[in-house]
S.K.: 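One structure follows; several queries about it will come next.
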Amino acid sequence: MSIQYADIIIDIVHGAVDRPFQYRVPPSLSGKLSLGERVKVPFGRGDALRDGYIIGFSESPQVDPARLKEIREAGEGEATGAEQLIRLAAWMKERYGSTMIQALKTVLPSVRRVRPAKKRYLVRTASREACESLLEACRKKRQKARVRLLEAFLEDDALPYGMVVQKLRVPASSFRALVEQGICRVVEERQERSPIRAVKGGARCLILTDEQKAAVDGLLSVWDGDRRPSLLYGITGSGKTEVYMELIRRVIGEGRQAIVLIPEISLTWQTVMRFYREFGEDVSILHSRMSAGERYDQTERARRGEAKIMIGPRSALFTPFPNLGLVIVDEEHDTAYKNETAPRYRAVDAAIERCRLAGGMAVLGSATPSAGSYYRAQNGEYHFFQMKSRAVGESLLPSVEIVDLKEELKAGNRTIFSRRLTERMRETLKRGEQILLFLNRRGYAGFISCRSCGYVAKCPHCDVSLKLHRDGRLHCHYCGHEEPAPKTCPSCGSRYIAGFGTGTQKVEEQVKKMFPEASVLRMDTDTTSAKGSHDAILSAFANGKADILIGTQMIVKGHDFPRVTLVGILAADLSLYSGGYESGERTFELLTQAAGRAGRDRLPGYVVIQSYEPGNYSVEAAASQDYEGFYWQEILYRKLLHYPPVYRMLSFLVTSKDDAAAEKRAEKLKRLAEGLEGVEVIGPAKAPVSRIKDIYRYTLYVKSEEEAPLRAVKEAAARLPWDGQVLYQFDLE
Ligand code: ADP
Ligand code: ZN
Ligand code: ZN
């Protein structure tokens, strides 16, 4: 047992992440150091003692061991902000099977230094008369650049430097001459590139409802006591944001900082402004459209403790706050919180771990919590708070109808709109109200269904739908089962069996044919590729610029549409067959959210859900907005089929440039897992996306009631060296 060398990065503020240095571990510290730990090491000329962080261990030296220096001291006391982030990276590496460097690059995204933006101005210092007479002289000498500059100075006293150089094309030599002549000088104004340009408005003055008060009191006592994670389950409009803000006020009042995670798509201007009105300059935001420089400024503000609240999508979790106290994960069920590249972390779990490291508190909020989080709240693993009513106005539930699409086809209706939906659309347009048509596209690609009887091709072993691949065969992404695609429906013999591929564009064409007088907007990846067009379409619709908005997931979040009174869900079941044990949950979430968009502003709302499987519990529960009803069914299903959160699952993603090698490795892992007691193995199979950038991908799932066997499988897998990469993910709880 001899870990003798440690890889250390020095002083992360200077961004040495790309270059770890190796040090010897002295016998006195042997076995006592851990990943992410802060140590003191001699560094550079004169061997001054510097802070460093351990990011890896090895048993062999990379250079002549005599040339390696020794670690002097191990860190003591509280972990610093940076140390916590590096420990978080170590946790990610362990839990999600990435390399340490991949994990570090995730938690320390801003190591690349960007020069802060400086605003420079040329300011006129001489009198107008002096300028005019010099202008005369320059004209005579045909010094055109100076002429342009002097003319500009006669109009404006101060000229932005960039404009002078680019627009007036004045070379530096020319204005230097003018500076020397005392005509003008360069003034620098250091300016933080703040993404928030509005002014602080008046603070809100509202009185919390009884439910909100109860939630706030409960959460504050968690803060004062045992800081296990909390789940705040509150219906849409129950005022969760106000609860968060109360909690944040307390936390920053005690000199600590808070992170609020919001899925990017819901991170609207209105949301940000609510925080900004409340907390002003203490608030900072991050989002993916910011430049590297803007991000750098925001993180620096946080590091220096100038910003106390960071709002942003999942990457905001890695804000280097010196003394983090609180992480709120709003809409914690959202799939945007899953990172799809290595390390494939789940932001909810990472947030909880980060809070644990910081001695802080994690609060998960949702109107439709993930089955996993709700399960943990029921088990007492999380604290649980609930808000059942709206903060303002009574909660007018929309009236929901479910239409059976099989019946439509039987009645000879081959269009994508049921008779009921068509009728509702006509009524709504007549009343001058707006319509939202939602096309659930998630996972529709590839699965095939019968339009006569609703039959969906499923795997005989796995209870997930089979997907049609380019080879014309149906594949199971869980166990690898495959079979030829049927030409006629195996269940009823109908020829109407095909991949479901209705796109938003096709929907738009049909709508225009049926309602030529209505104006239609469409929102999907085609229409929103330009920067900002996403927001532009949504606000155009919110401002009544169109009668009908057609779109995918994108339209069910964020913006409020007060004049929408009809929501049509064109094919509710599609995500039921997206494969994966979470597809019922995804369907329920999407339908609930979509349905919740109807009739928000006193006008009565209608929802028509078109479905091939109207009796499915995800569809039925969504129609009656019955989260608990859904949850108990879903948990039963997970129990029966041994899926998380009831069972624990370890999923492997084996990737390699060599297809056969990846498959062989996956098979090897399978044999290794099968040798252990108390585990079930599913797979291996090609991953849903079986090749990315010429890297082949295979998945393997290992389930167990206990955590220990899964850990053992993982450990054993790690001991088999290989030049491909094996990523894994624990669904432990
Ligand atoms: P949620 O996030 O739970 O959907 P919000 O926090 O966005 O709900 O609140 C919904 C609306 O109700 C917002 O417009 C908010 O300003 C308002 N609101 C929340 N709490 C109160 C309150 N106690 N009194 C008056 N209005 C409130
Ligand atoms: Zn299968
Ligand atoms: Zn059929």
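Read the numbers this way: they start at 1 and go in the same order the structure lists the ligands and their atoms. All values reported here derive from a predicted model rather than from experimental measurement.
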S.K.: Give a yes or no answer on whether the side chain of Glu306 reaches the backbone of Arg301 with a donor-acceptor pair at less than 3.5 Å.
M.R.: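 Here the side-chain-to-backbone pair does not exist.
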
S.K.: Between Arg314 and Glu264 (salt bridge meaning N to carboxylate O under 4.0 Å), is one present in this structure?
M.R.: no

S.K.: Does NZ or CZ of Arg87 come closer than 6.0 Å to the centre of the six-membered ring of Trp91, within 45° of the ring's axis?
M.R.: no

S.K.: Could you walk me through whether Glu254 and Arg256 pass the salt bridge (Lys or Arg N to Asp or Glu O under 4.0 Å) check?
M.R.: CA-CA 6 Å; Glu254 293 183 14; Arg256 302 186 65 172; over 6 Å; no

S.K.: Just to be sure I understand the cut-off, which residues have at least one non-hydrogen atom under 4.0 angstrom from an atom of ligand 1?
M.R.: Leu206, Ile207, Leu208, Thr209, Gln212, Ile235, Thr236, Gly237, Ser238, Gly239, Lys240, Thr241, Glu242, Arg274, Ala391, Val392

S.K.: Any side-chain donor-acceptor pair under 3.5 Å between Tyr276 and Glu281?
M.R.: yes

S.K.: Is the NZ or CZ atom of Arg424 both under 6.0 Å from the centre of the six-membered ring of Tyr606 and within 45° of that ring's axis?
M.R.: yes

